[in-house]
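For reference, the structure discussed in these notes is given below.
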Amino acid sequence: MSIIHRFCQLRHAGERAMQVHYDPQSIEREAQGFWDGAGSFRALEDASRPKYYCLSMFPYPSGKLHMGHVRNYTIGDVLTRYHRMRGKNVLQPMGWDAFGLPAENAAMANKVPPAKWTYDNIAYMKRQLKSLGFALDWERELATCRPDYYKWNQWLFTRLFRKGLAYKKTGVVNWDPIDQTVLANEQVIDGRGWRTGALVEKREIPMYFLRITAYAEELLAELERMSGWPEQVKLMQKNWIGRSEGVRFGFPYEIAGERKLLHVFTTRADTIMGVTFCAVAPEHPLALHAARDNPALAAFIAECRAGGVTEAEIAVQEKKGVATGLHVTHPISGGRVPVWVGNYVLMGYGDGAVMGVPAHDERDYAFALKYGLPINCVIRHPAGDDVPPPWRPEYAACGTCINSGKYDGLEYARATEVIAADLKARGLGDKQVQWRLRDWGVSRQRYWGTPIPIVHCPACGDVPVPDEQLPVVLPEDLVPDGSGNPLAKRPSFYQCACPSCGKPAQRETDTMDTFVDSSWYFARFCCPGNDRAMVDQRAQYWMPVDQYIGGIEHAILHLLYSRFFTRAMRDEGLLPGVSEPFSNLLTQGMVLAETYHRDSPEGRREWVNPAEVEVTRDAKGRIVAARRRGDGADVAYAGVGTMSKSRNNGVDPQALIDKYGADTARFFIIFASPPTQSLEWSDEGVEGSYRYLKRLWNYCVNFDRPGPAVAPGLRKATRFEIHSVLRQANYDLLKHQFNTVASAAMKILNALERLSAGRSEPVAVEGLSILLRLLSPITPHVCHRLWRELGFGSDIMQKEWPDPEPAALEQEEIDYVVQIGGKTRGNLRAPKAADQSALETLLKASELAQKYLMGKAIKRIIVVPGRLINVVV
RNA sequence: GCCGGAAUGGUGGAACUGGUAGACGCGCCGGACUCAAAAUCCGGUGCCAGAAAUGGCGUGAGGGUUCGAGUCCCUCUUCCGGCACCA
């Protein structure tokens with residue numbers, strides 16, 4: 001126990017009286033000053049040491065930190081500090097996801113430019129992050145709204161554009177007809193514009209897309225090898241990418257004497273003989289053609305244009321259709337097939353048209369019943385050869401073809417092969433792989449984002465801005481007014497010369513989706529200050545991120561876009577050999593709080609912040625009443641929900657830090673639930689965390705006081721307990737189950753207090769040194785201070801992480817659990833090394849046997865070594 | 001609607017790879033200290049019955065597998081996340 005020697009020496013060198021009361025404010029100020037002065041968190045590339053790049057998702061600078069941020073960064077900080085003490089060269093950076101819609105909304109509300117609002121928020125939130133004591137390397141800070149960052153968005157975009165990985169086509173947006181502006185999905189509430197209340201329409205406009213589908217196969221295949229990601233996230237991404245194998249083919253038709261094909265994709269080509277109609281999207285060219293002399297159809301298409309663009313909205317709307325009056329030819333039978341327009345057919349998926357096989361597809365079945373279309377059963381399914389209503393899932397099962405002419409008797413796989421071959425022979429189609437994943441539309445008709453670096457020239461077309469003219473700088477003095485993009489109203493921005501021919505041209509005024517910014521910031525953190533390249537060789541050292549931490553709500557979009565961008569950058573030669581940005585992913589749960597409301601006699605509901613509510617409990621601790629502290633008004637408890645403005649149940653981290661200090665906030669957040677689960681806020685729980693840190697402080701204050709002599713048995717038992725708890729805590733750390741690590745710290749303090757001994761007892765000295773180190777990633781300030789006060793050393797972070805000592809864990813005897821007849825009946829103390837027959841003998845001689853086995857025949861005895869004896873009677 | 005999760009005492013959660021359900025906290029009850037309060041400390045606390053010993057029940061609901069199920073399988077309910085322009 002060399003630590004005790006050093007401990008005693010240091011202690012004598014720096015003796016001074018310890019502050020009696022736990023004062024988090026002064027402790028935290030001093031510890032943060034120490035780290036700043038020592039440059040403790042500056043990360044330097046060092047090829048001789050194993051690196052650990054720990055990254056929490058950077059925040060949107062919305063104004064002030066919310067509890068979700070505190071949780072996210074505390075989790076990251078625990079990992080960072082743990083791995084430092086395990087000897088890794090750790091990088092933990094921080095930056096700002098600084099472009100986005102809220103800045104424009106705030107600008108409209110306050111008439112302040114988004115730039116000023118954003119920079120002010122960044123300054124405030126940075127102070128808050130610092131007060132929480134996170135081990136961040138602030139020299140790598142970045143903000144995506146700075147030209148030195150978004151320049152590289154533009155630079156990469158021009159590369160992708162020249163490669164064809166960025167291209168232009170039309171896309172569908174929400175259109176507010178009153179404000180004459182494009183709305184984000186969240187700005188559409190019940191189908192109406194949030195500011196105008198006007199019914200929102202779909203509108204097709206030209207936009208730029210990034211060809212993420214070019215990487216679909218790779219993005220899907222690599223998922224299988226990503227062992228550091230949660231299965232549920234990988235599964236969601238797999239389903240999102242949505243690879244399906246099927247047949248794409250055309251139904252021939254003639255229009256104005258011209259022979260054309262109506263293309264569809266199906267995974268059930270075996271049902272082709274059951275096709276009784278085709279359905280096309282309302283935006284499909286065939287629908288638009290037919291609507292020209294069909295007012296009813298035109299009205300239906302107009303009706304489909306109303307409403308939002310989200311998949312959820314489209315999925316829940318009533319499935320409706322109208323016949324176009326047009327027919328196409330069945331590619332095998334040659335029969336006439338009517339073409340309908342269906343509001344459930346998506347133009348963005350496949351060819352915007354589907355074949356209708358009512359007998360074997362639930363949606364087609366409902367559609368056919370509704371509009372009286374024929375239903376022809378062509379598959380023998382588990383429930384028979386017929387498909388009487390109501391719909392049963394068996395109808396969609398794969399089976400043998402019937403009523404299908406030459407295909408009769410073929411089963412699914414064979415039928416698909418033969419039919420695909422026949423279609424191919426006729427030049428109408430072939431087998432094809434289809435993806436659910438769509439290309440990424442990055443154009444936004446908004447001001448506060450990265451300008452898309454394209455110039456529209458009447459002579460040369462769309463010309464990418466040359467490197468020497470980058471960045472295209474976003475003016476920071478504009479204030480949007482809700483009626484479209486202010487950039488489009490500022491000639492000094494959009495008027496320019498064509499980079500190609502020099503003639504007058506117009507600059508693109510759309511900006512990029514903010515997901516572009518967040519798709520590569522992790523690589524930029526590796527290369528701060530480089531104004532000549534997007535990333536440099538320093539990224540080779542740090543990338544990929546070893547541990548990424550963020551909300552589960554990003555499971556698909558942000559993470560998939562980042563995986564795509566990393567590959568695009570790899571193929572651009574920027575990140576050689578790096579395909580996956582994040583080796584390990586931890587998805588944290590939401591932060592919840594209690595909700596209370598008060599309903600006025602007029603029926604208005606007012607949400608009351610939990611901080612203002614006082615509850616009354618019954619003898620068992622159940623909440624029986626709640627009232628508002630201010631006016632004593634009765635309020636109703638409405639369960640827990642995610643912290644939100646609308647339910648007024650947010651808890652301000654700043655108030656918490658001011659009252660209890662950062663360590664208490666960090667401890668509670670870690671202790672209250674495991675990182676991946678939702679966390680329920682509790683003021684009492686925070687009090688409990690504060691109480692624990694005070695207890696720890698008091699124990700250390702009294703550490704020098706002489707205590708009673710410790711009995712050898714208690715000494716051994718305490719040491720066993722502390723090392724057992726440590727072993728479990730180290731295991732839990734690897735699982736990222738930090739709440740039980742906090743519990744472990746509590747258990748160790750409990751054991752030390754039971755020991756009633758201080759400095760004179762080696763087990764107490766050893767136990768305390770383990771406790772402070774185990775706790776230091778969670779509550780770094782108080783552990784830093786106590787480590788120094790007690791003379792363990794000058795910097796706890798420089799000390800190695802504790803591991804249990806095998807000798808301390810040795811036991812000669814253990815308590816076996818005894819089950820008799822399926823019930824747990826007690827314990828049997830037995831030598832650890834006892835074998836089955838020895839245990840049986842011991843058991844039969846025990847009191848338990850006397851009590852529970854008298855007169856019973858033993859059928860079998862099952863022994864789980866080191867754990868349990870189960871007697872089957 | 002589709003995809004992915006979750007559900008354990010009054011409460012947050014714990015329980016190894018199928019092996020004593022409720023660790024560690026919070027709350028509540030009782031006690032110590034105090035003129036009193038706060039703070040702190042000590043003890044108790046799954047539910048039901050019982051004076052107790054003890055017995056029965058118990059991990060969202062219902063079935064199943066197993067010597068043994070919170071854990072594995074099937075069906076269902078409720079809640080949460082995502083659904084491509086919130087970030």
Side-chain angles (χ1 to χ4, degrees), chain A residues 57 59-60 62 97 100-102 105 171 173-174 182-188 230-233 235-236 238-240 242 309-317 319 344 348 363 437-446 513-515 518 551-558 560-561 587 589-590 592 617-623 639-642 668 671-674 676-689 691-692 694-695 698 728 731 737 739-740 742-747 750 815-819 821-827 859-862 864 867-868 870-873:
Chain A
M57 291 179 183
Y60 180 80
S62 54
D97 190 11
L101 205 49
N105 297 339
V173 294
N174 300 304
V182 175
L183 298 178
N185 287 334
E186 73 157 8
Q187 296 174 318
V188 179
E231 288 304 320
Q232 109 224 37
V233 173
L235 190 54
M236 280 191 263
K238 183 184 173 187
N239 292 338
W240 184 264
V309 300
T310 71
E311 192 185 87
E313 280 174 297
I314 291 161
V316 295
Q317 73 188 357
K319 311 239 171 335
Y344 62 93
R363 199 174 47 187
L437 181 67
R438 308 197 297 261
D439 277 339
W440 173 13
V442 294
S443 294
R444 298 289 179 270
Q445 298 68 45
R446 276 186 247 297
D513 181 3
T514 56
F515 272 126
S518 55
I552 183 69
E553 66 273 20
H554 294 292
I556 297 175
L557 292 179
H558 162 60
L560 194 60
Y561 290 148
T587 50
M590 314 285 290
L592 315 176
R617 292 168 190 276
D618 66 9
K620 287 198 166 174
R622 274 183 289 246
I623 294 176
V640 292
T642 54
F668 173 73
F671 178 67
S673 77
T676 53
Q677 284 181 32
S678 59
L679 182 151
E680 199 172 308
W681 195 259
S682 146
D683 287 334
E684 292 85 2
V686 174
E687 286 281 355
S689 301
R691 205 174 301 158
Y692 172 69
K694 275 194 289 190
R695 248 176 70 207
N698 290 339
Q728 184 65 42
Y731 179 74
Q737 189 173 294
N739 55 325
T740 49
S743 297
M746 290 177 147
K747 286 177 187 175
N750 289 346
D815 286 321
Y816 278 81
V817 174
V818 178
Q819 294 181 345
K823 291 190 189 291
T824 302
R825 292 302 188 180
N827 291 328
K859 280 192 195 147
R860 209 175 132 195
I861 297 182
I862 295 159
V864 180
R867 270 189 184 279
L868 157 147
N870 186 357
V871 185
V872 186
V873 291

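Proteins get letters first, then strands, A, B, ... in listed order; numbering begins at 1 in each. Here the structure is a predicted model, which means the values were calculated and not measured. All values below come from the heavy atoms of this structure, side chains included, with hydrogens, waters and symmetry mates left out.
A/Glu313 comes within contact range of no nucleotide atom at all, as no heavy-atom separation falls under 4.0 Å. Within 4.0 Å of A/Gln232, counting heavy atoms only, lie sugar-phosphate atoms of the nucleic acid but no base atom. Residue contacts for A/Leu437: at a heavy-atom cut-off of 4.0 Å it reaches a base atom on one of the strands shown. Counting non-hydrogen atoms under 4.0 angstrom, A/Val872 reaches the backbone sugars and phosphates but no base. Within 4.0 Å of A/Val188, counting heavy atoms only, lies no atom of the nucleic acid at all. Using a 4.0 Å heavy-atom distance criterion, A/Ala312 is classed as a base contact.
For the OP1/OP2 pair of B/rA15 and a distance below 4.0 Å, the side-chain nitrogens and oxygens of A/Tyr731 include no atom meeting the criterion. Residue A/Arg691 places none of its side-chain N or O atoms closer than 4.0 Å to OP1 or OP2 of B/rC41. The side chain of A/Asn105 places no N or O atom within less than 4.0 Å of a non-bridging phosphate oxygen (OP1 or OP2) of B/rC86. Between A/Thr514 and B/rA87, a side-chain N or O to OP1/OP2 separation shorter than 4.0 Å is present. Under 4.0 angstrom from either OP1 or OP2 of B/rA21 there lies at least one side-chain N or O belonging to A/Thr824.
Under the rule for a salt bridge (charged side-chain N to carboxylate O under 4.0 Å, His left out), the partners of A/Arg695 that lie at least two apart in sequence or sit in another chain are A/Glu753. Annotation: salt bridge (charged side-chain N to carboxylate O under 4.0 Å, His left out) contacts of A/Glu311 (sequence neighbours excluded): A/Arg436.
Applying the 3.5 Å distance criterion, the base of B/rG12 shares no donor-acceptor pair with the side chain of A/Glu684.
Residue A/Tyr561 contributes atom OH, which lies 12 Å from atom C1' of B/rG82 at whole-angstrom precision. What separates CZ of A/Phe671 from P of B/rC24 is a distance of 10 Å, to the nearest Å. In this structure, A/Leu557 atom CG and B/rC3 atom P are separated by 18 Å, rounded to whole Å.
Taking the six-membered ring for Trp and the full ring otherwise, A/Phe668 and A/Trp681 have centroids separated by under 6.0 Å.
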Starting at the 5' end of RNA chain B, write a dot or bracket for each base, bracketing those in Watson-Crick or G-U wobble pairs whose two distances are under 3.5 Å and using | for partners on another strand.
(((((((..(((......[....)))((((((.......))))))((((....))))..(((((..]....))))))))))))....
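Minimum atom distance to the side chain of A/Arg825 is reached by B/rG55, of the listed B/rG19, B/rG4, B/rG55.
Nearer to the 5' terminus of RNA chain B, by closest-nucleotide assignment, is the contact made by A/Glu680 (compared with the other of A/Ile862 and A/Glu680).
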